[in-house]
Amino acid sequence: MKILVVGSGGREHALCWAISRSPLCQKLYCAPGNAGIESVAECLPIPADKIYDILAVCHLHAIDFIVIGPEVPLSLGLADELRSEGFSVFGPGKAAALIESSKGFMKDLCTCAGVPTAEYERFTDAAEAKAYAQAKGAPIVIKADGLAAGKGVTVARTLDEAFAAIDDALVKKVFGDSGESLVIEEFMEGEEVSFFALCDGEVALPFAAAQDHKTAYDGDRGPNTGGMGAYSPAPIVDAAMQDRIMREIIEPTVKTMREMGCPFTGVLFAGLMITKTGPKLIEYNVRFGDPETQVMIPRLKSDLLALLYATSKGMLDGIAIHWHDYAALCVVMAANGYPGEYKKGSVIRGLDEANAVPDAIVFHAGTDRDAQKHVVAAGGRVLGVTAVAPTIADAQNLAYQAVDQIDWPEGFCRRDIGWRAIAKMKAA
Ligand code: AMP
Ligand code: GLY
């Protein structure tokens with residue numbers, strides 16, 4: 001097959017890395033890709049959200065199968081456009097993608113499907129929203145309804161913080177259209193985990209679980225980011241917990257979406273809080289996670305391309321997914337200043353040395369090449385330095401050995417990725 005992967009992050013590098021090794025892959029393209037993806041795919045300079053340009057390039061190169069990485073093209077209907085022209089696609093259409101792009105839709109669906117999630121209400125009026133927050137008390141969570149690049153959520157520890165977040169969204173409109181409507185929800189206490197299931201519209205197959213670190217600095221402090229590191233498997237999701245997640249969360253969702261006329265095909269990413277009373281849904285995403293993908297894919301023994309293709313063709317029934325018996329851990333290196341303002345264009349050295357560390361691989365996220373062909377930083381999250389080993393602690397060791405090979409003064413990383421899982425294992 002000739003395959004096109006859409007996207008340019010660490011997630012897409014990990015997907016391309018695995019797809020390029022599949023015996024089913026004859027030729028791999030990536031749009032737009034990055035300086036690391038170049039080594040496994042031919043990169044085409046087309047932004048992921050230019051859906052008509054992507055459509056044209058699929059015709060031009062006679063692409064057989066398209067894998068869409070990020071949520072934005074999915075929410076713009078790229079999968080529908082491609083399918084309507086006869087292409088096979090991994091990823092949901094626009095209607096099903098609403099489960100990520102509209103928090104209100106996701107919450108209403110949970111009610112219909114009986115999926116456990118935080119108690120909530122939707123608001124468009126600031127005074128009503130404040131009255132509700134006041135009645136419920138802090139801590140309380142305020143969320144912009146639409147996609148806000150991960151910045152639309154405030155976990156308010158005090159009512160003042162909650163009021164400020166309500167004013168930002170509904171009065172100052174800092175999120176534009178995405179914040180015109182708010183979800184205010186109950187604060188859930190517990191441990192967070194990212195759970196992934198492949199869904200072909202009918203059948204849902206558990207894929208894997210991972211945990212990421214959302215805050216910028218060590219000790220889980222600092223501002224929220226897209227994810228500063230991850231590991232898989234997630235010790236908190238044992239076989240019994242996985243069964244529970246499938247039964248109580250994923251399966252009712254897939255069934256309800258089918259009944260609503262928007263069957264879900266692709267990967268359903270459930271952001272979960274494992275509370276004292278069991279798993280509860282924080283949010284759904286309609287794509288693989290980043291950096292979770294960078295730690296799940298290296299553990300996968302089965303052919304990723306065959307799995308994604310079977311998903312797109314409604315043929316998941318009876319398929320078993322096989323995994324290597326080791327753990328993976330990824331340390332994200334970000335540009336100094338991220339998630340606030342940061343500079344682009346600094347040269348990154350030592351990548352070959354990092355890749356030479358046994359069982360380590362550097363996935364590129366925001367990278368590009370300058371005129372001299374040096375790899376340079378081109379985004380906030382820039383590299384995902386990943387290692388596999390028998391335990392999470394060993395994988396952490398190797399990943400930081402590889403990090404230490406990288407010569408990039410303009411970047412930083414957390415030094416404690418995996419701490420919770422490692423502490424838990426030491427205690428056991
Ligand atoms: P979201 O964009 O919905 O994933 O929210 C971002 C982060 O806010 C999550 O990863 C959680 O850490 C936190 N969060 C969101 N909703 C809740 C909630 N209801 N209770 C506790 N924490 C939450
Ligand atoms: N790491 C969380 C996400 O991909 O949304």
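Quick caveat, the model's predicted, so the values are computed rather than measured. All ligand and atom numbering here is 1-based and tracks the order in the structure.
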Enquirer: Looking at Lys343 and Glu410, does any basic side-chain N land under 4.0 Å from a carboxylate oxygen?
Expert: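 Glu410 and Lys343: not salt-bridged.
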
Enquirer: Could you tell me which atoms of ligand 2, counted from 1 in the order shown, lie closer than 4.0 angstrom to a heavy atom of Gly226?
Expert: 1 (N), 2 (C)

Enquirer: Taking 4.0 angstrom as the limit, do Asp416 and Arg221 come out as a salt bridge?
Expert: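 So Asp416 does not pair with Arg221 through a salt bridge.
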
Enquirer: Does ligand 2 come near enough to Asp290 that some N or O of the ligand is less than 3.5 Å from an N or O of the residue?
Expert: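 Yes; at least one N/O pair falls below 3.5 Å.
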
Enquirer: Yes or no: does Phe269 have any heavy atom under 4.0 Å from an atom of ligand 2?
Expert: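 It does; at least one heavy atom falls under 4.0 Å.
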
Enquirer: Consider every N or O of Glu283 and every N or O of ligand 2, then say whether any pair is closer than 3.5 Å.
Expert: no

Enquirer: Could you tell me how the ring of His13 sits relative to the ring of Phe363: parallel (under 30°), tilted (30 to 60°) or perpendicular (over 60°)?
Expert: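 It falls in the perpendicular class, over 60°.
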
Enquirer: With a 4.0 Å cut-off on N to O distance, would you call Glu292 and Arg11 a salt bridge?
Expert: no

Enquirer: Considering only heavy atoms, does Glu186 approach ligand 1 within less than 4.0 Å through its side chain, its backbone, both, or neither?
Expert: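 For Glu186, the contact with ligand 1 is made by the backbone alone.
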
Enquirer: Heavy-atom contact check, 4.0 Å cutoff: does Lys143 meet ligand 1?
Expert: yes

Enquirer: Give the atoms of ligand 2, by number and element, whose distance to some non-hydrogen atom of Gly289 is under 4.0 Å.
Expert: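 With Gly289 as reference, the close atoms of ligand 2 come out as 4 (O).
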
Enquirer: Please classify the Arg287 to ligand 2 contact at 4.0 Å (heavy-atom distances, strictly less than): side chain, backbone, both or neither.
Expert: side chain

Enquirer: Provide the number and element of each atom of ligand 1 under 4.0 Å from a heavy atom of Met188.
Expert: 18 (C), 19 (N), 20 (N), 21 (C)

Enquirer: How long is the span from the CG atom in Asp49 to the CD atom in Glu71, to the nearest 0.5 Å?
Expert: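 Those atoms lie 11.0 Å apart.
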
Enquirer: With under 30° as parallel and over 60° as perpendicular, where do the rings of Tyr132 and Phe123 fit, or are they tilted in between?
Expert: tilted

Enquirer: Do any nitrogen or oxygen atoms of Val155 lie less than 3.5 angstrom from nitrogen or oxygen atoms of ligand 1?
Expert: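 No: no nitrogen or oxygen of Val155 is under 3.5 Å from one in ligand 1.
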
Enquirer: Hydrogens and angles aside, do Thr117 and Lys107 bring a side-chain donor and acceptor to less than 3.5 Å of each other?
Expert: yes

Enquirer: Establish, yes or no, whether a centroid distance under 6.0 Å links the rings of Phe207 and Phe288.
Expert: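 Under 6.0 Å, so yes.
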
Enquirer: Taking all heavy atoms of Cys110 and all of Leu281, pick out the closest pair and write down the distance.
Expert: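 Taking Cys110 first and Leu281 second, the nearest heavy atoms are SG-CD2, 3.5 Å.
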
Enquirer: If we set the cut-off at 4.0 Å for heavy atoms, which region of Glu185 has an atom near ligand 1: side chain, backbone, both, or neither?
Expert: side chain

Enquirer: If we set the cut-off at 4.0 Å for heavy atoms, which region of Glu292 has an atom near ligand 2: side chain, backbone, both, or neither?
Expert: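 Within the 4.0 Å criterion, Glu292 contacts ligand 2 through side-chain atoms alone.
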
Enquirer: Show the atoms of ligand 2 that are less than 4.0 angstrom away from any heavy atom in Asp212.
Expert: 1 (N), 2 (C)

Enquirer: Which of the numbered atoms in ligand 1 are below 4.0 angstrom from a heavy atom of Ile282?
Expert: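 Answer for ligand 1: 3 (O), 15 (C), 16 (N).
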
Enquirer: Mind checking whether Tyr309 and Phe65 have parallel, tilted or perpendicular rings, split at 30° and 60°?
Expert: perpendicular

Enquirer: For Met273, counting its heavy atoms only, list the atoms of ligand 1 lying under 4.0 Å from any of them.
Expert: 21 (C), 22 (N)

Enquirer: Pull out every atom of ligand 1 sitting under 4.0 Å from any heavy atom of Phe187, numbered as shown with elements.
Expert: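 Atoms satisfying the 4.0 Å criterion: 20 (N), 21 (C).
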
